[in-house]
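In what follows, a structure is listed as structure tokens, so that the remarks can point back to it.
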Amino acid sequence: MLSFSEIRKALCDAFTAAFPDSRGDMVDIYIDHCIISDGTGALFEVPYTIDENGKVVTGDMAKVRRQVDYVRVNAAARLLAASDSDDTPDAEKGFKWQVQIIEAGLDKAGLFDYPLAVLHA
């Protein structure tokens, strides 16, 4: 099994041999494809496989564009308040917190519905 460094080197060697005059670079490497630039700003997705001898076989290049998505981060739990029950020793006050771990209704991804009755049970 090749390390990621060995995979990168094998891909660099294969692309340098295939495109000796290119001034491009590898932008990203994934398990079955990589993204290369041609040196002019154009990006291409190139599928590849590497055999047990380290020989790279590439598929057809497809022009792609970079896309970045910023997604709001939602907390998995919410701190509600410091525990102030009478049975909390003074040395522990401020160290124990009431935490809400789940809320009834549809989850943030919109995949699962958690009925209140089920959560109470």
Non-hydrogen side-chain atoms of I7 and I50 separated by less than 4.5 Å
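Side chain of I7 against side chain of I50, heavy atoms only: contact under 4.5 Å found.
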
A quick test of your reading: do over 12 heavy atoms of other residues, nucleotides or ligands sit less than 6.0 Å from CG of D60?
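Atom CG in D60 is not crowded, with 12 or fewer foreign heavy atoms closer than 6.0 Å.
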
Determine whether more than 12 heavy atoms belonging to other residues, nucleotides or ligands lie under 6.0 Å from atom CD1 of I31.
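No, because the 6.0 Å sphere around CD1 of I31 holds 12 heavy atoms or fewer from other groups.
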
Shared hydrophobic cluster for [X] and [Y] (ILVMFWY, side-chain gaps under 4.5 Å):
| X | Y | result |
| --- | --- | --- |
| I29 | V46 | yes |
| L11 | L2 | yes |
| V64 | M26 | no |

Enter the distance from T49:OG1 to K55:NZ here, rounded to the nearest 0.5 Å.
8.5 Å

Pairwise distance CG(D25) to CZ(F15) - rounded to 0.5 angstrom:
11.0 Å

Considering all heavy atoms of both residues, which atom of [X] and which atom of [Y] are nearest to each other, and what is their separation?
| X | Y | value |
| --- | --- | --- |
| H33 | P47 | CB-CA, 3.8 Å |
| Y30 | Y48 | O-OH, 2.6 Å |
| A104 | P115 | CB-C, 4.4 Å |
| D113 | G105 | OD1-C, 3.1 Å |
| D51 | N53 | OD1-N, 2.9 Å |
| G54 | A10 | O-CB, 4.2 Å |

Y114 vs F112 aromatic rings, parallel, tilted or perpendicular, using cut-offs 30° and 60°?
tilted

